[in-house]
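Before we start, here is the structure in question, set down as structure tokens.
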Amino acid sequence: MIKVTLKDGSVREYPAGTTVLEVARSISQGLAREALAGKVNGKTVDLSYPLQEDAAVELLTFNDEEGRAVYRHSTAHVLAQAVKRLFPEAKLAIGPAIQDGFYYDFDVPQPFTPAQLAQIEEEMNRIIKEDLPFKRVELSREEALEHFKKRGELYKVELINDLPEDAVISCYQQGDFDDLCAGPHVPSTGRLKSVKLMNIAGAYWRGSEKNKMLQRIYGTSFPKKAMLDEHLFRIEEAKRRDHRKLGQELDLFSIQEEGPGFPFFHPKGMIIRNELENFWRQEHKKRGYREIRTPIILNRSLWEQSGHWAHYKENMYFTKIDDADFAVKPMNCPGSILVYKTSLHSYRDLPLRLAELGLVHRHELSGVLHGLMRVRCFTQDDAHIFMLPGQIKDEIIGVIDLFDYFYNTFGLSYHVELSTRPEKSMGSDEIWEIATNSLRDALEAKNMSYKVNEGDGAFYGPKIDFHLTDSLGRTWQCGTIQLDFLMPEKFDLTYVGEDGQKHRPVMIHRVVFGSIERFIGILTEHFAGAFPVWLAPVQVRVMPITDRHHAYARELVKKMEALDIRVELDARNEKINYKIREAQTQKIPYMLVIGDREMEQGAVAVRRRGKGDTGAIAVDEFLVKIQEEIKNKTIF
RNA sequence: GCCGACGUAGCUCAGCCGGUAGAGCAGCUGAUUCGUAAUCAGCAGGUCGUGGGUUCGAGUCCCAUCGUCGGCUCCA
């Protein structure tokens, strides 16, 4: 008998050779039905895996991330089988499970067409109906190589050759198909239910543009049709919230052929932008930052000194002035450093926090441009903090507090990742140790949980990244705090210490929004275009019912304008229903309907976006209420 | 940059096998003065992304080019 420890800590005894599935069955029939794979001592295995000794056993269902991955991975194999049945000449590359589904890469002479995709999906459903068992076969490296060479599966051969010496090589077989695969898999193809192929895309073998372009098919699968439908609905919802679509509908910005990747901000977009910047300035001033502005075009020599000319040239734009080489700045730090160097600094002056809303230009590949999210020019809400090494921790804490305050204001939750020293990096071990510990100390002092990305830091220092989660559960990297020991060195920055000697300051680079443009894109999708009142381009629209209410309405508008409320009058000769519909589609937070009753009582009938008619209140009462909301940056 | 799809009025889209461009919304004009998501009628609006080519004839076919969209290691 062997002892099996279950997830809940209970221990059961079974005869040796009992499979994971049998363990599931002994717990409950329901679990046995739902189980997709198992986990034995932390390693995922097939349900048919026989237990030979004492072990910790977990059963994975679709509710577990790993269970879902097994499910999708098995679906990927069915996709490959279907493709091989329909297109025997197709060569198989890789087919992993991903976030919300799976993909499989194929080398085929002709790209797949949407019609073929439908055909493949049909074939997949046939394979599922055939309910073919997934069979695991382990084989030696030689056997595996011979097997795949014989079939001309060159990519598989390459994969096998790259496997480490001690790797157990396995294949999974279902019916007329088999594939190199570590597994595990669901017991049989019949376990898969709702399958959908999403799209086709080119993808390089192993992601390198030096390699051949393969055809990738993306798909997803769920154990219930309702789950698939919900997933498709979420995709629709994301489409509905697409900032490019809303940006056009709400007239916030545009991108034109004449400037690919260079967005135009329209009057309404500028209001959001200016509100964000006002908020930003106000909060930075409070926290001891001083604002600067540095030029967009600077001499080549500066970029050579900073290292950008050597390391970042591919992404930069250049120009000539009076025969001298200049570059358009891709980052703000060198400019900020030049400002620092215009005077001598005492240790008493530090930390010096120089903030800049700096417009940077970077050459991005044409294929990656995407609305406001990926552009070729954007405004970083940058700041550079020059400080004594001993001030690192407190400064980091200050920045973390600032970030926290900002993100909460927008109702965005976030998580934090700490990236440590990469292999290729500059500076002594000692300074890296101090820097990394300072970041860690700051995070721990704030009692924040964080994920560590070993070796993912910048070459000049470790960093903390802030990943925001929007209302659809998608994450966006926005804020980042980077410690930098290299730039002060390169530019020979100094301060005069207590001892009267020159010392080297440390720098922090940090952005909260990241890029204002991108942040506006994120906010647009997060709020689905229904911005909180303080950000809304139009806060109030006054809608008189007939001509005889116009004078009263105009008076109201004037009153609000005097209070800096962004208000519009809809005096068009249209029915009230029409006016409401339009204001509603424009996502204006407050609609004030003015008729005889309101005029008589000195009131306004308030219709609130998302809530409908909330009845009439006195004008002054409304004004107090909306001003409060603007001041408090209320989210609704 | 690479692979694929796409580009027709301000917007959303139709336009068959190549025969000389159409709708809805928006806009303008007029009528209607109306109480919480579209009042009615009329008018105007396009060198079909751009440049070549094939053809008696091109929005439609071919080539080039620009732009947009979906992708381009979450690794058996």
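Per chain, numbering begins at 1; letters A, B, ... match sequence-line order. All values reported here derive from a predicted model rather than from experimental measurement.
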**OP:** For residues F466(A) and W476(A), establish whether the separation of their ring centroids is below 6.0 Å.
**Re:**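 Distance test on ring centres: not under 6.0 Å, no.
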Original post:
Side chains of W205(A) and D105(A): do they bring a donor and an acceptor to under 3.5 Å?
Top reply: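 Not at all, the side chains of W205(A) and D105(A) share no donor-acceptor pair under 3.5 Å.
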Original post:
Regarding R216(A) and the six-membered ring of Y103(A), is the cationic atom NZ or CZ under 6.0 Å from the ring centre and inside 45° of its axis?
Top reply: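 Yes, R216(A) sits over the ring of Y103(A).
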Original post:
Heavy atoms under 4.0 Å, any strand shown: does L214(A) hit a base, just sugar-phosphate, or nothing?
Top reply: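 Here L214(A) touches no strand at all.
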**OP:** May I ask you to decide if the ring planes of F62(A) and Y71(A) are parallel, tilted or perpendicular, using 30° and 60° as cut-offs?
**Re:**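 Ring orientation, 0 to 90° scale: perpendicular.
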Original post:
Got a donor-acceptor pair under 3.5 Å from the side chain of N577(A) to the base of U36(B)?
Top reply: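 Answer is no: no donor-acceptor pair is held.
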**OP:** Report which part of the nucleic acid A605(A) touches: base, sugar-phosphate, or nothing (heavy-atom distance under 4.0 Å, all strands).
**Re:**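 A605(A): base contact, heavy atoms under 4.0 Å.
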Original post:
Can you check C17(B) for me, syn or anti if syn means within 90° of 0?
Top reply: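 C17(B): syn.
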**OP:** Could you give me the stems involving RNA chain B, meaning stretches of three or more consecutive Watson-Crick or G-U wobble pairs whose two defining distances are both below 3.5 Å?
**Re:**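 So far as stems of 3 or more pairs are concerned, RNA chain B shows B:1-7 with B:66-72, B:10-13 with B:22-25, B:27-31 with B:39-43, B:49-53 with B:61-65.
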Original post:
Given C72(B), is OP1 or OP2 found less than 4.0 Å from the side-chain N or O atoms of Y218(A)?
Top reply: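 For C72(B), OP1/OP2 do have a side-chain N/O of Y218(A) under 4.0 Å.
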Original post:
Would R191(A) count as a cation-pi partner of F134(A), with NZ or CZ less than 6.0 Å from the six-membered ring centre and within 45° of the ring normal?
Top reply: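 No; the conditions do not both hold, so R191(A) does not lie above the ring face of F134(A).
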**OP:** Under 4.0 Å between any heavy atoms, over every strand shown, what does P260(A) touch: base, sugar-phosphate, or nothing? Just pick one.
**Re:**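 Touches sugar-phosphate only.
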**OP:** Please check the phosphate of G70(B) (OP1 and OP2 only) for any side-chain N or O of H370(A) closer than 4.0 Å.
**Re:**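 Yes.
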**OP:** Before accepting this row, confirm whether a basic side-chain N of the pair E230(A)/R234(A) lies closer than 4.0 Å to the acidic partner's carboxylate O.
**Re:**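 Yes.
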Original post:
Who passes ring pair (Phe, Tyr, Trp, His ring centres under 6.0 Å) against Y450(A), sequence neighbours left out?
Top reply: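 With sequence neighbours excluded, Y450(A) shows a ring pair (Phe, Tyr, Trp, His ring centres under 6.0 Å) to no residue whatsoever.
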Original post:
Would you say the side chain of Y204(A) and the base of G71(B) hold a donor-acceptor pair, judged only by whether the two atoms sit under 3.5 Å apart?
Top reply: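 Checked by distance alone, the answer is no.
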**OP:** Grab the two heavy atoms, one from A530(A) and one from K587(A), that are nearest each other, plus how far apart they are.
**Re:**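 Between these two residues, the closest heavy atoms are N-CD, 3.7 Å.
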**OP:** For Y552(A), check ring pair (Phe, Tyr, Trp, His ring centres under 6.0 Å) against everything at least two apart and list the hits.
**Re:**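 Per chain and number, Y552(A) pairs via ring pair (Phe, Tyr, Trp, His ring centres under 6.0 Å) with no residue.
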Original post:
In terms of side-chain geometry, is the basic nitrogen of E525(A) or R474(A) positioned less than 4.0 Å from the acidic oxygen of its partner?
Top reply: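 Judged by the 4.0 Å cut-off on N to carboxylate O distance, E525(A) and R474(A) do form a salt bridge.
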Original post:
Base, sugar-phosphate, or nothing for D162(A), non-hydrogen atoms under 4.0 angstrom?
Top reply: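 It contacts nothing in the nucleic acid.
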**OP:** Determine the interatomic distance between C1' on C61(B) and the same-named atom on U54(B); round to the nearest Å.
**Re:**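 Going atom to atom, C1' in each nucleotide, I get 8 Å.
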Original post:
Whole Å only: how far is the CD atom of E574(A) from the P atom of C34(B)?
Top reply: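 In whole Å, C34(B) P and E574(A) CD are 15 Å from each other.
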Original post:
Is the H73(A) ring parallel, tilted or perpendicular to the H185(A) ring (thresholds 30°, 60°)?
Top reply: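 Tilted: the ring planes of H73(A) and H185(A) meet at 30° to 60°.
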Original post:
So which pairs with a foot in residues 367-378 of chain A pass side chain to side chain donor-acceptor pair (under 3.5 Å), sequence neighbours left out?
Top reply: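 Pairs touching residues 367-378 of chain A that pass the test: R244(A)-H370(A), E364(A)-R374(A).
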**OP:** Would you mind telling me which of U68(B), U36(B), A76(B) lies closest to the side-chain atoms of V593(A)?
**Re:**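 Among the listed nucleotides, the one closest to the side chain of V593(A) is U36(B).
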Original post:
Heavy atoms under 4.0 Å, any strand shown: does R206(A) hit a base, just sugar-phosphate, or nothing?
Top reply: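 Answer is base: heavy atoms of R206(A) come under 4.0 Å of a base.
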**OP:** For nucleotides U68(B) and U29(B), find the distance between their P atoms and express it as a whole number of Å.
**Re:**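 Taking atom P in both U68(B) and U29(B), they lie 36 Å apart.
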Subject >> Residue-phosphate contact under 4.0 Å: R548(A) side-chain N/O, C34(B) OP1/OP2 >> reply: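 Yes, such a contact exists.
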Original post:
Listed in order of residue number, which residues of residues 80-93 of chain A have a non-hydrogen atom at under 4.0 Å from RNA chain B?
Top reply: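 None - not one residue of the stretch has a heavy atom sitting under 4.0 Å from the strand.
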**OP:** Find the distance N453(A):CG to C74(B):C1' and express it as a whole number of Å.
**Re:**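 After rounding, the gap between these two atoms is 14 Å.
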Original post:
If you look at every strand shown and take non-hydrogen atoms under 4.0 Å, does V168(A) touch a base, only sugar-phosphate, or nothing?
Top reply: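 Base contact.
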**OP:** Just call it for N199(A): base, sugar-phosphate, or nothing, with non-hydrogen atoms closer than 4.0 Å on any strand.
**Re:**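 Contact class for N199(A): sugar-phosphate only.
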**OP:** Find the distance I580(A):CD1 to U39(B):P and express it as a whole number of Å.
**Re:**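 My rounded result for the distance is 11 Å.
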Subject >> L365(A) CG - G67(B) C1' separation (whole Å) >> reply: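 The distance from CG of L365(A) to C1' of G67(B) comes to 16 Å, rounded to the nearest Å.
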Subject >> Nucleotide nearest A201(A) when distance is taken to its side chain, options G27(B), G70(B), A76(B) >> reply: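 The closest nucleotide is G70(B).
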Subject >> C34(B) OP1/OP2 closer than 4.0 Å to side-chain N/O of T546(A) >> reply: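 Result: no.
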**OP:** Specify the separation, in whole Å, of atom CZ of F134(A) and atom C1' of A76(B).
**Re:**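 Computing the F134(A):CZ to A76(B):C1' distance gives 14 Å.
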Original post:
Given atom CZ of R581(A) and atom P of U36(B), what is their separation to the nearest angstrom?
Top reply: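 For the pair R581(A) CZ and U36(B) P, the rounded distance is 16 Å.
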Original post:
Expressed in angstrom and rounded to an integer, what is the separation of K611(A) atom NZ from A37(B) atom C1'?
Top reply: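 It works out to 19 Å between those atoms.
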Subject >> Selection: residues 230-258 of chain A, any non-hydrogen atom under 4.0 Å of RNA chain B >> reply: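 Hits under 4.0 Å, by residue number: R244(A), Q248(A), E257(A).
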Subject >> D107(A) CG to C72(B) C1', straight-line distance once rounded to whole Å >> reply: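 Checked: the CG to C1' distance equals 15 Å.
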Original post:
Between the base of G71(B) and the side chain of Q215(A), is there any donor-acceptor pair under 3.5 Å?
Top reply: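 It does not, because no donor-acceptor pair links the side chain of Q215(A) to the base of G71(B) below 3.5 Å.
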**OP:** Please work out whether the ring planes of Y317(A) and H361(A) are parallel, tilted or perpendicular, with thresholds of 30° and 60°.
**Re:**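 Answer is perpendicular, since the angle exceeds 60°.
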Subject >> Aromatic ring proximity Y590(A)/F622(A), centre distance under 6.0 Å >> reply: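 Judged by ring-centre distance (under 6.0 Å), Y590(A) and F622(A) do meet the cut-off.
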